[in-house]
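This report refers to the structure that appears directly beneath it.
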Amino acid sequence: MSTEALTRDPGAAKDSGSTRVVDELIAELSRHPSGRTSASPYETARLVSLAPWLPRHADRIQYLLAGQRPDGGWGGPDGYALVPTLSAVEGLLATSLRDEPVGWSPTAVHDAVDRALRLLFDRAVGPATCPVPDLPAADLIVPALVDRIADQLADPPTQLAHWRGVGPPPMPADMDRQRLDRVRLLVGSGRPIPPKLLHALEIFGPAARGAAGVTAGPVGASPAATAAWLGNPDGIQSAALDYLTRALGEHGGAVPCATPIDVFERSWVLSTLARAGVLPRVPPELLSGLREALGPEGAATGPGLPTDADTTAVTLYTLALLGHPTDPTSLNRFDTGEHFGTWPGEDGSSVTTNAHVLEAFGRCLGGDDPAAAPVLRRLTSWLIDRQHPDGRWSDRWHASPLYATYCVVLALREYGGPTAEPALRRAVSWALENQRADGSWGRWHGTAEETAYGLLVLLAVPPSPTIRDAGVAAARRLSTMQNEGADDPLWHDKDLYHPALIVRAAVVAARAAAAARLNGSAHIPASRWTAPLE
């Protein structure tokens with residue numbers, strides 16, 4: 001399929017510099033078959049606590065010590081610090097109570113725990129004072145870790161004796177232990193664990209070891225869950241141990257929350273580049289891999305995870321963009337009658353998942369198809385109803401409203417029809433109002449990722465003089481940002497993470513779109529906007 005058929009702006013893909021950068025990005029997909037994602041303080045600390053027998057234990061302790069913030073916490077701002085900080089404290093306390101100090105300083109560990117406990121118990125500015133972000137399993141993870149820390153502080157190391165008997169760290173006001181108690185009863189009963197809980201199996205303590213119905217290997221695509229299920233390196237379940245050993249290799253002993261993420265990463269990267277018209281070729285093995293990932297129940301982010309509507313929809317959309325439209329009926333099992341759940345029985349809903357489902361039905365079947373037309377109308381209305389009064393969207397899979405707004409705007413632009421035009425105008429107005437003085441966008445500060453999303457939102461509609469000026473400013477700023485914000489994880493898992501190649505694809509797409517659609521007014525040489533991000 002020609003590049004011209006993939007984009008409204010076929011000229012965007014013709015620059016040799018852009019082709020080189022895209023080729024490098026596609027090559028990265030093949031060089032890292034498990035996917036590129038950042039290390040997680042939460043997940044790494046779980047291995048410190050659960051699996052001190054794994055190689056590079058001291059390296060994981062050093063990773064935690066090096067990543068502690070000046071205020072004593074770990075992770076992102078506001079409530080995003082709660083889960084990783086609790087995990088790090090529990091892991092380092094377990095180390096103090098159990099390990100001989102080989103490769104790490106006991107004094108440094110005790111100092112880190114002391115500073116972190118002061119933050120956790122601070123009822124004025126501690127992370128428990130903030131609303132709990134919608135992170136997967138947070139309502140299970142937080143009470144489980146709070147209880148564990150309370151047990152450890154009942155008889156702490158001598159250097160932390162002043163914390164003896166203080167009780168559990170405070171939890172947010174809107175959180176309790178009721179769901180944790182229910183799922184612990186379920187796991188303790190020996191009945192099979194619902195697939196969506198496997199990703200956080202580590203919260204169940206000793207009951208997680210050898211839990212019924214779990215297949216050896218990447219349990220829930222999570223190193224922590226796999227270590228909890230394995231229990232110790234007794235050699236019986238070599239597939240699980242092999243998985244853990246591989247997971248340690250990407251970040252010097254630290255680990256991400258989820259690995260592998262191959263289907264998720266490849267479908268997002270390829271669809272982003274194809275939509276922008278900068279995808280001249282796709283290696284056959286990547287294309288066949290996506291086709292093989294689709295089964296009767298859809299596609300999963302990677303091995304060890306259940307199928308979900310988000311990955312299924314983007315995989316379907318990607319294949320259709322690349323000239324291989326596939327029947328999207330596998331999505332029907334996620335249909336609630338009102339919207340599409342990310343998985344059956346989902347608590348809450350996701351606007352980005354539903355934006356991707358809208359694109360999948362629209363691209364695979366077409367707007368006039370009798371099976372697609374009712375779905376397109378229903379999802380268009382559902383998405384418009386969830387737009388905030390100021391014009392943005394927000395979502396459970398990303399910390400920044402720029403990502404959600406970008407996903408919904410692109411879906412409504414293509415398949416929402418005239419009904420969606422007022423919502424698109426409101427979204428563009430919101431983006432204009434929230435652009436920073438330097439041309440960037442960002443929830444906490446300007447990042448290359450969020451600036452790419454903001455620029456793509458502006459370029460989704462015909463450019464007025466105001467939009468053109470804002471787009472030029474954004475494109476110029478983006479051309480100078482390179483890796484700015486690359487260390488700011490914004491995507492939701494058990495804590496925040498950064499899928500490096502997915503973000504890089506969005507930045508490449510935004511630079512290409514600006515070069516093509518601003519009629520040269522951005523004055524950005526191809527050598528600038530195509531410069532590698534790493």
Side-chain angles (χ1 to χ4, degrees), residues 25-47 56 59-60 63-64 67 74-76 80 83-84 87 133 135-137 198-200 202 218-227 243-272 286 289-290 293 299-305 308 310-311 314-315 352 395-400 403 447-450 452 483 485-508 533-534:
L25 181 50
I26 298 302
E28 283 284 286
L29 292 177
S30 299
R31 279 197 294 268
H32 299 274
S34 293
R36 293 278 304 279
T37 184
S38 57
S40 160
Y42 167 83
E43 200 84 1
T44 301
R46 293 302 79 226
L47 290 193
R56 310 193 73 167
D59 289 340
R60 282 185 285 284
Y63 165 82
L64 293 176
W74 282 265
Y80 286 104
V83 164
S87 185
L135 298 171
L198 292 179
H199 188 53
E202 69 274 5
V219 178
S222 161
T226 303
Y243 164 75
L244 286 172
T245 303
R246 290 193 304 271
L248 301 179
E250 192 72 27
H251 299 287
V255 289
C257 271
T259 183
I261 59 164
D262 50 318
V263 180
F264 163 56
E265 179 183 78
R266 292 174 179 188
S267 58
W268 260 252
V269 167
L270 294 177
S271 62
T272 298
L286 295 185
L290 289 184
T301 289
L305 289 171
D308 67 86
D310 205 18
T311 307
V314 179
T315 301
T352 62
D395 191 59
R396 69 185 319 174
W397 299 119
H398 204 281
S400 174
Y403 174 72
T447 67
E449 177 182 357
E450 292 166 283
N483 274 331
D487 294 329
D488 293 302
L490 294 168
W491 293 65
H492 282 187
D493 200 331
K494 288 180 277 188
D495 61 1
L496 294 175
Y497 73 100
H498 178 81
L501 300 188
I502 292 173
V503 171
R504 194 189 306 182
V507 173
V508 169
L533 293 178
E534 293 183 354

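The first residue in the sequence is number 1, and the count goes up from there.
Residues Ala299 and Thr315 share a closest heavy-atom pair of CB-OG1, 4.2 Å. In plain terms, the two heavy atoms of Ser30 and Leu286 that are nearest each other are OG-CD2, 4.1 Å. Closest heavy-atom contact between Leu496 and Ala399: CD2-CB, 4.2 Å. Looking at every heavy atom in both residues, Pro256 comes nearest to Thr37 through CB-CG2, 3.5 Å. Across all their heavy atoms, His498 and Asp488 have their closest contact at ND1-O, 4.3 Å. The two residues Ser271 and Val314 have their closest heavy-atom pair at OG-CG1, 3.8 Å.
Contact check for Asp59 versus Leu248: no side-chain heavy atoms found under the 4.5 Å cut-off. The side-chain heavy atoms of Ser40 and His251, taken from C-beta on, include no pair separated by under 4.5 Å. Under the 4.5 Å side-chain criterion, counting only non-hydrogen atoms from C-beta, Asp308 is in contact with Thr301. A 4.5 Å side-chain heavy-atom check between Leu270 and Leu290 finds at least one atom pair inside the cut-off. Asp310 places none of its side-chain heavy atoms less than 4.5 Å from the side chain of Phe264.
Side-chain contact check for Lys494 and Ser87: no donor-acceptor pair (N or O, by modelled atom type) lies under 3.5 Å.
Residues satisfying the salt bridge (charged side-chain N to carboxylate O under 4.0 Å, His left out) test with Glu265, not counting sequence neighbours, are none. When the ring pair (Phe, Tyr, Trp, His ring centres under 6.0 Å) test is applied to Tyr243, no partner is found at least two apart in sequence or on another chain.
With Ser34 as the partner, the side-chain contact (heavy atoms from CB on, under 4.5 Å) test is satisfied by one option alone out of Pro260, Pro218, Pro303: Pro260.
Taken to the nearest 0.5 Å, the OG atom of Ser400 stands 9.5 Å off from the NE2 atom of His492. For the atom pair CG of Asp495 and OG1 of Thr44, the computed distance is 8.5 Å after rounding to the nearest 0.5 Å. The structure places CG of Asp262 at 14.5 Å from CZ of Arg36, a figure rounded to the nearest 0.5 Å. Separation of atoms CD1 (Ile261) and CZ (Arg266) is listed at 10.5 Å; rounding is to 0.5 Å. To the nearest 0.5 Å, atoms OG (Ser38) and CG (Asp493) are separated by 9.5 Å. One finds the OG1 atom of Thr259 at 11.5 Å from the OH atom of Tyr497 (value rounded to the nearest 0.5 Å).
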### Task
Please assess Thr352 against Asp395 for the test side-chain hydrogen bond (donor to acceptor under 3.5 Å, both in side chains), listing each intermediate value before the final yes or no.
CA-CA 7 Å; Thr352 62; Asp395 191 59; 2.7 Å; yes

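Checked against the 6.0 Å centroid threshold, Tyr403 and Trp491 count as a close aromatic pair.
Between Arg46 and Glu43 there is no salt bridge, since no side-chain N of the basic residue sits under 4.0 Å from a carboxylate O of the acidic one.
Pairs passing the ring pair (Phe, Tyr, Trp, His ring centres under 6.0 Å) check and including a residue from residues 27-46, sequence neighbours excluded, do not occur.
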